[in-house]
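One structure is given below, encoded as C-alpha cells.
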Amino acid sequence: MQVKRLHPWPSDAAEAEAIQDRLRGHVELTGPTTFTLVAGLDVHYHGDDQVTAAVVVFDAGSLEPVEQAVARGRAAFPYVPGLFAFRELPALVEALELLTATPDLLVCDGYGLAHPRGFGLACHLGVLTGLPALGVGKTPFIGTHETPGPEPGDWTPIVHEDATIGRALRTQRDVKPVYVSQGHRISLDTATEQVLRLTSRFRLPDPIRHADHLARHPD
DNA sequence: GCGACAG
DNA sequence: ATCTTGTCGC
C-alpha cells in the first residue's frame, strides 16, 4: 500500500512536538464501524537501536492472517515519553508499504488520543496513511481511570482534563485491562468493539500478538 | 520543585 | 524495548 510521505524529520524534541501539534488537527474521531482487512503492527528492539517492524494483515471475518511484511532499520529518534512514535514510524511505514493489500484498520501497539498532546503513535500512523487506526496500550500513561469490572468487555473511561480520552478495557476475565484510545477515523465505541472482537484467547488483540511474534522472529 | 513517564 | 513471552506480583 501507499503511505503519505513522511514530514521532514525532527532533529530535536521541540521540532517533534511541533509536528505533533500541527498534525493533531488532522485527526478525525468518527469513521467506519465495520472492517474487512485489519492490520496489527509492532516493533522489536535489539542490539544498539536496531529495530524490526512487523505488520500482519488479518481477514476481519475469519480472523485468519492473509499477509505479512517486515522492515528492518534503526530507531529514528531517542526514546522520550510522548515522542515515542518518532522511534518507530519510519520502520512501520516501510513495512506498510511492502504490503500488497491495503488494510482498512490499523491496530497499533501504543496510544492514540490518550497522549500528552493528544497525538500518540496510533494518531500519527492514521493520519499518514489516511486509514482508521486505534491504539492499545499495556500500561497506563496519562489520565485517570477506575478499575473496570472483571469480565471481558467491562470498561471504565480514561479521563484527562475533563475529557474522555480512552478506555481501560478488560479483554479477559481477571486479566489486567488494556488501554484503548482512538487513533484516526474511528469512534471510541468502535475502537473498543474492535479490540474485543480481535482478542481471541489472551490479553492483547490477535493482530498485535502476531505482529509482536513476527517482529521477534522474522525468519 | 520532584519524580514518573506509551515502546 | 531488551528475556522464552501466557499473566501477575507489593
Under 4.0 angstrom between [X] side-chain N/O and [N] OP1 or OP2:
{"X": "A:K138", "N": "B:dG7", "answer": "yes"}
{"X": "A:T139", "N": "B:dG7", "answer": "yes"}
{"X": "A:R216", "N": "C:dA1", "answer": "no"}
{"X": "A:H44", "N": "C:dC3", "answer": "yes"}
{"X": "A:H115", "N": "B:dC5", "answer": "no"}
{"X": "A:Y79", "N": "B:dA6", "answer": "yes"}

Problem set entry | Pair assignment for DNA chain C - dot-bracket with | for other-strand partners, Watson-Crick or G-U under 3.5 Å | ..........

Looking across every strand, which nucleic acid part, if any, lies under 4.0 Å from [X] by heavy atom: base, sugar-phosphate, or nothing?
{"X": "A:G82", "result": "base"}
{"X": "A:I142", "result": "nothing"}
{"X": "A:R209", "result": "sugar-phosphate"}
{"X": "A:L83", "result": "base"}
{"X": "A:G120", "result": "base"}

Interatomic distance where [atom1] belongs to [X] and [atom2] belongs to [N] [whole Å]:
{"X": "A:L125", "N": "B:dA6", "atom1": "CG", "atom2": "C1'", "answer": "13 Å"}
{"X": "A:F84", "N": "B:dG7", "atom1": "CZ", "atom2": "P", "answer": "7 Å"}
{"X": "A:H213", "N": "C:dG6", "atom1": "NE2", "atom2": "C1'", "answer": "13 Å"}
{"X": "A:L92", "N": "B:dG7", "atom1": "CG", "atom2": "C1'", "answer": "11 Å"}
{"X": "A:D212", "N": "C:dT5", "atom1": "CG", "atom2": "P", "answer": "8 Å"}
{"X": "A:L89", "N": "B:dA6", "atom1": "CG", "atom2": "C1'", "answer": "13 Å"}

Problem set entry | Interatomic distance at C1', B:dG3 relative to C:dG9, whole Å | 23 Å

For this session: For C:dC10 versus B:dC2, give the span between their C1' atoms, rounded off to a whole number of Å.
Result: 23 Å

Could you tell me whether [X] and [Y] make a salt bridge, using a distance below 4.0 angstrom between a side-chain N and a carboxylate O?
{"X": "A:R117", "Y": "A:E17", "answer": "yes"}
{"X": "A:D48", "Y": "A:R74", "answer": "no"}
{"X": "A:R72", "Y": "A:D49", "answer": "no"}
{"X": "A:R209", "Y": "A:D42", "answer": "no"}
{"X": "A:R167", "Y": "A:D189", "answer": "yes"}

For this session: Give the ring-plane orientation class for A:F86 versus A:H124, where under 30° counts as parallel, over 60° as perpendicular and anything between as tilted.
Result: perpendicular

Problem set entry | Position toward the 5' end of DNA chain C (nearest nucleotide), A:D174 or A:H217 | A:H217

Exercise. CD of A:Q2: more than 12 outside heavy atoms within 6.0 angstrom?
Worked result: no

Problem set entry | Interface residues of residues 63-74 of chain A with DNA chain C (non-hydrogen, below 4.0 angstrom) | none

Exercise. What distance separates A:F141 CZ from A:Y179 OH, expressed to the nearest 0.5 Å?
Worked result: 13.5 Å

Exercise. A:F35 and A:L131: side-chain contact (heavy atoms from CB on, under 4.5 Å), yes or no, with the steps?
Worked result: CA-CA 11 Å; A:F35 306 92; A:L131 297 173; over 6 Å; no

